[in-house]
Amino acid sequence: MQLWSQYFIPTLKESPADAEIASHKLLVRAGLVRKLAGGLYTYLPLGLRVMRKITQICREEIERGGGIELEMPHLHPVENWQSGPRWAAAREIMFRADSAGDGQRAPREPEFVLGPTHEEVITPLVQAEITSYRDLPKNFFQIATKFRNEIRPRYGLMRAREFVMMDAYSFDTDDAHAVVSYQKMKVAYEAFFRRVGAHAIAVEADTGVMGGSFSHEFMVPADVGDDDVIYCEASGYAANREKATSALVPKDLADAAPLGATEEFATPGVGTIAALEAAPYLVPGDKQFKTLVFMGDGKPFLVILRGHDELEEAKLGALGFTLFRPATPEEIVSVMGARPGSLGAVRGTIAQPGALAGVFADYAIRLIGNGVTGANKDGFHLRNVNVTRDLQVTKFGDFRRVRAGEPDGKSGQPLQSRRGIEVGHIFKLGTKYSEKYGAVYTDDQKQSHPMVMGCYGIGIGRTLQAIIEQSHDADGIVWPWAIAPFQLLICVLDPQLPEAMDLANKLAAAAESAGADVLIDDRAERPGVKFKDADLIGLPLRVTIGGKGLKEGIVELKARTSKNVLKLPLAEAEVQIAAAVRAAAV
RNA sequence: CGGGGCGUAGCUUAGCCUGGUAGAGCGCUUGCUUCGGGAGCAAGAGGUCGCGAGUUCGAAUCUCGCCGCCCCGACCA
């Protein structure tokens with residue numbers, strides 16, 4: 001039981017200027033967090049209570065799914081990362097932790113980084129400690145602070161530089177067992193999100209820098225989310241847009257015939273898809289080949305798409321480059337012989353075809369017959385270009401971004417899209433890390449094999465904020481019971497009356513023994529202030545004790561989600577409140 | 001990192017264009033009245049106008065540099 005007057009809940013009438021979205025405003029206004037700097041927040045007492053409750057539920061569910069809790073250092077020797085498989089890709093988001101020096105001499109060389117995640121620590125640990133199939137499977141997890149130098153922290157806890165994450169790492173003897181571990185975590189995640197009151201859905205996801213073989217993201221649908229979820233209600237398909245596919249393009253379609261003779265034509269000053277669509281050329285965008293030049297690990301490669309299709313850069317990850325980026329105009333001219341706007345992949349027109357690491361074409365270009373593409377000569381294009389006959393394609397793949405409205409692969413129904421907040425991610429990693437760090441075990445035939453890994457993350461703070469985002473109204477937060485900082489607010493309108501406070505204490509004791517955390521608002525504030533604050537901090541149940549009610553012999557009970565006020569006779573108040581607590585707690 | 005915007009009291013902000021005594025609301029302190037949905041009146045405290053240079057008799061205001069923050073893009077739990 002806490003007395004508001006003795007506690008610390010600094011509520012605000014107005015939202016801070018830097019808060020943009022509802023959940024961020026409410027986090028600050030309800031006195032849950034305060035900002036130290038961009039992406040760095042202090043959890044105030046109320047916020048900390050919520051974090052602890054979410055953390056505890058997370059711990060229980062991950063343990064139920066086979067997880068074993070441990071805790072690793074936040075400071076990592078940089079060598080752990082340098083010897084790992086993704087140092088080049090990950091270093092950009094990592095904070096270095098070098099000595100601040102004495103202000104006189106140059107600081108010592110940096111030796112540590114602040115951990116953005118822990119594959120680079122757990123895998124060497126397991127490598128050293130586990131050598132036998134008898135000790136597998138194992139799934140280690142921790143709930144700890146992570147550090148990432150986000151390119152752009154924003155929206156309060158949603159994308160912070162320092163944040164609390166549950167991270168788990170599974171180690172199995174083979175692929176089939178790794179899938180079992182993965183499924184157990186998926187079940188644990190579903191239980192966790194259900195218990196904390198977050199309506200999260202599992203969607204297929206891109207593996208990104210993690211480099212796993214498959215993965216799911218857990219998304220809370222919200223307009224302020226950073227991700228697009230593509231889904232089909234009829235088939236149940238759901239995927240992050242980065243990964244989503246549609247049935248737009250049959251994968252075995254041959255060239256659309258009949259083939260015309262390829263010819264060059266002058267297009268002075270025309271350098272865009274739109275310009276070729278306009279008069280006098282009148283070439284529809286879906287009859288054009290769009291040729292993009294990228295640099296992958298230092299070598300140029302081409303990506304060909306239909307004119308109207310957009311490249312989904314995440315899908316280029318499948319090509320196996322460690323690092324890739326769009327080529328600069330200078331690089332493009334030296335490889336292709338022309339500037340962007342006149343590029344194409346027709347055999348014999350590329351200036352330095354031998355320099356290319358590959359030409360990767362989206363399946364959808366097979367829908368084009370007698371199309372148009374750049375001639376690799378500034379101001380010229382080619383018409384009657386056909387895929388198989390004319391283009392120098394190394395490999396076809398799915399590289400285009402799916403749009404809502406395209407047919408779903410299973411049901412054929414139009415795909416829909418929705419914004420979502422990514423609150424959790426599970427990856428089946430494979431042996432990428434175990435091979436690199438030598439995490440191998442010996443099987444019952446005395447054979448040595450790399451362990452098959454999975455890794456799993458839940459953003460605790462992000463989950464907290466996502467719940468506020470999907471559970472609030474015009475007056476404030478509406479906490480789900482399981483994670484509310486307190487579950488019952490006893491609002492004492494006349495705390496100067498000893499009988500009012502005596503009653504409050506009695507009711508608090510009854511509610512606590514029924515399983516509620518109780519906050520008593522004993523502040524010498526006006527009723528209006530107390531009610532506004534009560535709605536703002538959003539505890540699920542509120543009991544109001546007023547001088548007026550005491551004369552009538554009643555107290556009032558109200559749920560945050562309802563407008564109805566229940567008048568309880570004093571004689572029944574303890575029993576009824578305890579019953580309400582038990583009813584809400586299930 | 002690219003593009004845009006903003007830094008004035010604990011919070012929200014006016015003033016800046018057109019240089020001349022730094023203002024308001026909320027919050028805070030004291031008193032009186034009030035007291036079931038962010039009270040009224042009165043009196044008060046609280047500001048290196050982000051930092052540093054420059055222009056000027058004089059800079060919150062104009063110029064330059066730096067720092068911080070916010071929004072849009074790439075990244076992510």
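Within every chain, numbering begins at 1; the chains are lettered A, B, ... in the order of the sequence lines, protein sequences first and strands thereafter.
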The residue, A:Glu14 or A:Gly549, whose nearest nucleotide of RNA chain B is more 5′ is A:Glu14
When you compare B:G47 with B:C67, how far apart are their P atoms, in angstrom units rounded to a whole number? 28 Å
Within the structure shown, what part of the strands sits under 4.0 Å from A:Gly38 by heavy-atom distance: base, sugar-phosphate, or nothing? sugar-phosphate
Mind checking the P distance from B:G73 to B:A14? Whole angstroms is fine. 26 Å
Step by step, would you call A:His118 with A:Gln142 a side-chain hydrogen bond (donor to acceptor under 3.5 Å, both in side chains)? CA-CA 10 Å; A:His118 283 72; A:Gln142 62 175 351; 3.3 Å; yes
Less than 6.0 angstrom separating the ring centers of A:Phe321 and A:Phe301, yes or no? yes
For B:C11, does the base pair up with any side-chain atom of A:Arg29 as donor and acceptor (N or O, under 3.5 Å, distance only)? no
Distances under 3.5 Å between nitrogen or oxygen atoms of protein and nucleotides 44-52 of chain B:
none

Could you check A:Val164 against A:Ser15 and say which one's nearest nucleotide on RNA chain B is further toward the 5' end? A:Ser15
Working for side-chain contact (heavy atoms from CB on, under 4.5 Å), residues A:Phe294 and A:Leu316: CA-CA 10 Å; A:Phe294 278 78; A:Leu316 295 183; 4.0 Å; yes
Students often get this wrong, so: under 4.0 angstrom with heavy atoms, is A:Asp226 touching a base, only sugar-phosphate, or nothing? base
With a non-hydrogen cut-off below 4.0 angstrom, is A:Val423 in contact with a base, only sugar-phosphate, or nothing? sugar-phosphate
Tabulated below should be each protein N or O lying under 3.5 Å from an N or O of nucleotides 30-35 of chain B; please produce it.
residue : atom : partner  : partner atom : Å
B:U34   : O2   : A:Arg526 : NH1          : 2.5

Can you list the stems that include RNA chain B, where a stem is three or more consecutive Watson-Crick or G-U pairs with distances under 3.5 Å? B:1-7 with B:67-73, B:10-13 with B:23-26, B:28-33 with B:39-44, B:50-54 with B:62-66
Looking only at side-chain atoms of A:Arg152, point me to the closest of B:G27, B:C70, B:C72. B:C72
Can you establish whether the number of heavy atoms outside A:Arg34 located under 6.0 Å from its atom CZ is more than 12? yes
Tell me what A:Glu92 touches on the nucleic acid: a base, only sugar-phosphate, or nothing, going by heavy atoms under 4.0 Å. nothing
Look at all strands and tell whether A:Arg542 reaches a base, only sugar-phosphate, or nothing, counting heavy atoms closer than 4.0 Å. base
Does B:G36 have A:Phe531 stacked on its base, where the ring centres are within less than 5.5 Å and the planes differ by under 30°? no
Applying a 4.0 Å non-hydrogen cut-off, can you work out what A:Tyr155 is touching in the nucleic acid: base, sugar-phosphate, or nothing? sugar-phosphate
Would you kindly check if the NZ (Lys) or CZ (Arg) of A:Arg148 is within the cone defined by 45 degrees around the ring axis of A:Phe95 and under 6.0 Å from the six-membered ring centre? no
For the rings on A:Tyr182 and A:Phe427, is their centre-to-centre separation under 6.0 Å? no
Can you spot which of A:Glu119, A:His76, A:Glu120 makes a side-chain hydrogen bond (donor to acceptor under 3.5 Å, both in side chains) with A:Trp81? A:His76
